[in-house]
Amino acid sequence: MSKLDNTIIGSNLPQVNGNIKFHLMEILKEKNITRYALSRRTNIRYDTICNYCNSNVTLINAEYLKIFCTILDCNIGDIITFEKIEEKTSN
C-alpha cells in the first residue's frame with residue numbers, strides 16, 4: 001500500500017490480501033468493440049475507459065459500471081472481481 005492509499009483510506013482499516021481486477025478489455029474483445037467505440041457510445045473519456053481496461057482505477061464509479069453493463073449487456077461480476085492472494089504458510 002502506498003503512502004497515498006494510507007492517507008486517503010486511513011490507517012485503521014484492516015489489511016486485505018487481494019486485488020480488484022477489471023475484465024472490461026476481455027468483454028470488449030468478446031463483443032468486438034474497441035475502447036474508442038465504447039467511449040463514443042457512453043460519453044465516458046477514452047482515458048477513463050483505458051484505466052478500467054488496465055485495472056488502473058483508484059475510485060470506482062458506480063454510474064460507469066451501470067453504463068458498461070447496459071451497453072455491453074453483462075453483469076457487474078463480469079466486469080469486476082476480487083481476487084484473494086493466499087498467504088504462504090511456513091512449515
Side-chain angles (χ1 to χ4, degrees):
M1 186 180 274
S2 72
K3 286 183 182 180
L4 180 62
D5 291 337
N6 252 353
T7 304
I8 293 172
I9 297 172
S11 58
N12 294 328
L13 296 176
Q15 290 289 314
V16 176
N17 290 324
N19 296 307
I20 300 289
K21 292 286 188 177
F22 288 89
H23 306 283
L24 187 58
M25 194 68 212
E26 292 94 334
I27 296 169
L28 291 176
K29 285 180 183 176
E30 287 174 17
K31 306 245 181 206
N32 200 27
I33 299 172
T34 65
R35 291 174 288 183
Y36 179 74
L38 183 63
S39 176
R40 298 283 300 204
R41 289 173 70 179
T42 61
N43 289 324
I44 297 171
R45 290 181 52 231
Y46 177 80
D47 291 346
T48 302
I49 300 286
C50 290
N51 286 336
Y52 277 89
C53 286
N54 296 324
S55 292
N56 190 22
V57 179
T58 53
L59 294 174
I60 298 169
N61 187 318
E63 288 301 313
Y64 289 172
L65 292 177
K66 292 184 335 188
I67 292 167
F68 295 153
C69 288
T70 301
I71 297 294
L72 299 171
D73 191 30
C74 64
N75 294 310
I76 289 176
D78 299 326
I79 296 173
I80 184 172
T81 57
F82 175 72
E83 296 178 358
K84 289 183 182 179
I85 299 173
E86 297 297 325
E87 292 186 34
K88 294 181 181 179
T89 57
S90 56
N91 293 335

Please collect all salt bridge (Lys or Arg N to Asp or Glu O under 4.0 Å) contacts where either partner lies in residues 35-63, sequence neighbours excluded, each pair once.
R45-D47, E63-K66
If two hydrophobic side chains count as joined below 4.5 Å and joins carry through other members, does [X] share a cluster with [Y]?
{"X": "I67", "Y": "I33", "value": "yes"}
{"X": "F82", "Y": "Y52", "value": "yes"}
{"X": "V16", "Y": "I80", "value": "yes"}

So N61 and T48, do their side chains get closer than 4.5 Å, heavy atoms only?
no
Non-hydrogen side-chain atoms of L38 and F68 separated by less than 4.5 Å
yes
Output all residues satisfying side chain to side chain donor-acceptor pair (under 3.5 Å) with N32, sequence neighbours left out; order by chain, then residue number.
none
N/O donor-acceptor pairs under 3.5 Å from side chains in residues 18-31, not counting sequence neighbours:
{"residue": "H23", "atom": "NE2", "partner": "T81", "partner atom": "OG1", "Å": "2.7"}
{"residue": "K31", "atom": "NZ", "partner": "L72", "partner atom": "O", "Å": "2.9"}

What pair of heavy atoms forms the shortest contact from C69 to I76, and how long is it?
SG-N, 3.4 Å
Closest non-hydrogen atom pair, Y64 against I44:
CD2-CD1, 3.5 Å
Got a second to check how far N51's CG is from L59's CG, nearest 0.5 Å?
11.5 Å
